[in-house]
Peer 1: 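The structure that follows is given in the form of structure tokens.
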Amino acid sequence: MDSPATASAQAKAAPRHIADPCVLVIFGASGDLTTRKLIPALTNLARDQLLPEEFAVVGFARSDFTDETIRQRLTQDAEKLGVNVEREAWKRIMQRVYYLCGAFDDAGAYQALAAKIDAAAKKHGTGGNRLHYLAVAPRFFGEIVRQIGAAGLAREDRGAWCRVIVEKPFGHDLDSARALDTEIKQIFNEPQIYRIDHYLGKETVQNLLMFRFGNSIFEPIWNRQYIDHVQITAAETVGVEHRGGYYETAGALRDMIPSHLFQLMSLTAMESPARLDADAMRDEEVKVLHAVQPFAPEHVVDAAVRGQYGAGTLADEQVPGYRDEPAVDPQSRTETYIALKLMIDNWRWAGTPFYLRTGKRMAQRVTEIAIVFKQPPFLLFRDTALSRFTPNELVLNIQPDEGISLRFGAKVPGTGMRQEAVKMEFCYNDYFDGSVTTTGYERLLHDCMIGDQTLFRRADMVEAAWRVIMPLIEAHQEPLTLAQYAAGSWGPQEADELMRRDERYWRNSDS
Ligand code: BG6
């Protein structure tokens, strides 16, 4: 086995591919995402020498800044937020940042934007490549894309490329997702559209592929014969923060399930693609979504639990309930928690449920995929105190303690036959240099700049995901039960009941 030092050296020696020269145009450049993620990610790419010299950023938004003042603002905000990046690289990026103030629906502003992009392209020698990033509220997506097209900013002249990155949520149901897709496709073709899901920027999510298809010992048992069920959890301790307005229109189901949680489910359940290319990968991912057994309207109540947090205690602090959060209706029926039971109708998974849950203000921040194995076929130890074993569990911890652990039963030393659960653990930080900070956006931005769509969602994946949850959305338009849970707990009791009915239980905390 490689020592941690060797593994780290191998990782560092991995081939590097410098991104293509381009101008990155950020729509909504004065917002949070730019300061917290995009500019720090570009800085980290510059630090790692993955950005070419021929590169510039042009920000476009309604706030009133100039080139100079946006640079100052970004730098001050980054300091305030404690964004941890290399100073030299930050300076190099700042020298390449430009800004234009304008309204997203003002055709004249797009003419000025075209001139600004041209000037930046000439100054930094980027050629004609352009990458448009829609870091704006979803209601602006259609308008901005139309204006980009009308201003000639989507053209791919003389071998140059032009791409667009669209943040989630992509629509708020199946019909709106289709309508948005049609609107975008009037200007851009599928190979130019990068629908981002930031979960795919996480190293541990990418490692899922490596874990499954780069090792041979797990694949033979990765199926319904050996696996009892799969649990995917994305629990957050934060509440809705300052996003009450958006969250009221989304809720936990739309906000997390068709994007992040389905992405984790697809990577866990998919077959091996024949090649590591964008379409081969995404073909396999989408097959999983197509195989999800549709929820029959009469079973929605049994297969899903919605909850909303009330006041409670987190980290010894009293926190308000959801209805008392800013910009939230005091009578709101929006769910901040959802748990689902899904069945995947294919030969690998038939009869093996996938339980998914996500919630805000939960007891602990943890995103993980737990593969829970079946009990041994007969109990050799039946005449002992053991009647049932702790099931074997393989847990892929996505965040915050990135790693993988395998739980199994061991005999407690002594004369009797007693079993206790023990764990074998792999922690990322023990093997790889944990001091190198990333935002999760580096790989995704870099992939767009080299034209690799593997980690981006194709239109059919977005549609398939909405199609799965439409019966739930439709059912929830009725005044269905909204279970309550206290902030700082593991969610509503009804979700425990969902598991108990199947004689299973959620893995809460580090059990
Ligand atoms: C976003 C959701 O997509 O993902 C947020 O809109 C959520 O509500 C966030 O908090 C979670 O991301 P992460 O990376 O913190 O798990």
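Counting starts at 1 for both ligands and their atoms, in listed order.
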Peer 1: Atoms of ligand 1 less than 4.0 Å from Asp255 heavy atoms?
Peer 2: 2 (C), 5 (C), 6 (O), 8 (O)

Peer 1: Within less than 4.0 angstrom of ligand 1, does Thr367 place any heavy atom?
Peer 2: no

Peer 1: Can you tell me which residue and heavy atom of the protein come closest to atom 10 (O) of ligand 1, and the distance to 0.1 Å?
Peer 2: Glu236 OE2, 2.5 Å

Peer 1: Where is the nearest protein heavy atom to atom 12 (O) of ligand 1: which residue, which atom, and how far?
Peer 2: His198 NE2, 3.1 Å

Peer 1: Between Glu284 and Lys287 (salt bridge meaning N to carboxylate O under 4.0 Å), is one present in this structure?
Peer 2: yes

Peer 1: So which atom in Arg71 and which in Met94 form the shortest heavy-atom distance, rounded to 0.1 Å?
Peer 2: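 Where Arg71 meets Met94 most closely, the heavy atoms are NE-O, 2.9 Å.
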
Peer 1: Relative to the heavy atoms of Lys168, which atoms of ligand 1 are at a distance of less than 4.0 Å?
Peer 2: 1 (C), 2 (C), 3 (O), 6 (O)

Peer 1: Closer than 4.0 Å to some heavy atom of Gln399 - which atoms of ligand 1 meet that?
Peer 2: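 Near Gln399, the atoms of ligand 1 are 13 (P), 16 (O).
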
Peer 1: For atom 1 (C) of ligand 1, grab the closest protein heavy atom and report residue, atom and distance to one decimal in Å.
Peer 2: His260 NE2, 3.5 Å

Peer 1: So, taking the atom named NZ in Lys202 and the one named OG1 in Thr438, what distance separates them when rounded to the nearest 0.5 Å?
Peer 2: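 Separation between the atoms: 9.5 Å.
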
Peer 1: Measure from NZ or CZ of Arg195 to the centre of the six-membered ring of Phe456 and say whether it is under 6.0 Å with the direction within 45° of the ring axis.
Peer 2: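 No - Arg195 does not lie over the ring of Phe456 by the 6.0 Å and 45° rule.
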
Peer 1: Does Tyr199 come within less than 4.0 Å of ligand 1, judged by its heavy atoms?
Peer 2: yes

Peer 1: Does a side chain donor of either Asp502 or Tyr355 reach within less than 3.5 Å of an acceptor in the other side chain?
Peer 2: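 Yes - a donor-acceptor pair under 3.5 Å links their side chains.
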
Peer 1: Say whether Arg365, considering both its backbone and side-chain N or O atoms, lies within less than 3.5 Å of an N or O atom on ligand 1.
Peer 2: no

Peer 1: Side-chain donor-acceptor pair under 3.5 Å between Asp255 and Tyr246, yes or no?
Peer 2: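 Indeed, the side chains of Asp255 and Tyr246 share at least one donor-acceptor pair under 3.5 Å.
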
Peer 1: Where do Ile227 and Val230 come nearest, in terms of heavy atoms and distance?
Peer 2: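 Scanning both residues completely, I find the closest heavy atoms to be CG2-CG2, 4.1 Å.
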
Peer 1: Considering the heavy atoms of Lys360, write down every atom of ligand 1 situated less than 4.0 Å from one of them.
Peer 2: 5 (C), 7 (C), 8 (O), 10 (O)

Peer 1: Has ligand 1 got any nitrogen or oxygen that is less than 3.5 angstrom from a nitrogen or oxygen of Lys202?
Peer 2: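 It does: an N or O of Lys202 is found under 3.5 Å from an N or O of ligand 1.
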
Peer 1: Between Phe211 and Phe218, does the ring centre distance come in under 6.0 Å?
Peer 2: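 When the ring centroids of Phe211 and Phe218 are compared, they turn out to be within the sub-6.0 Å range.
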
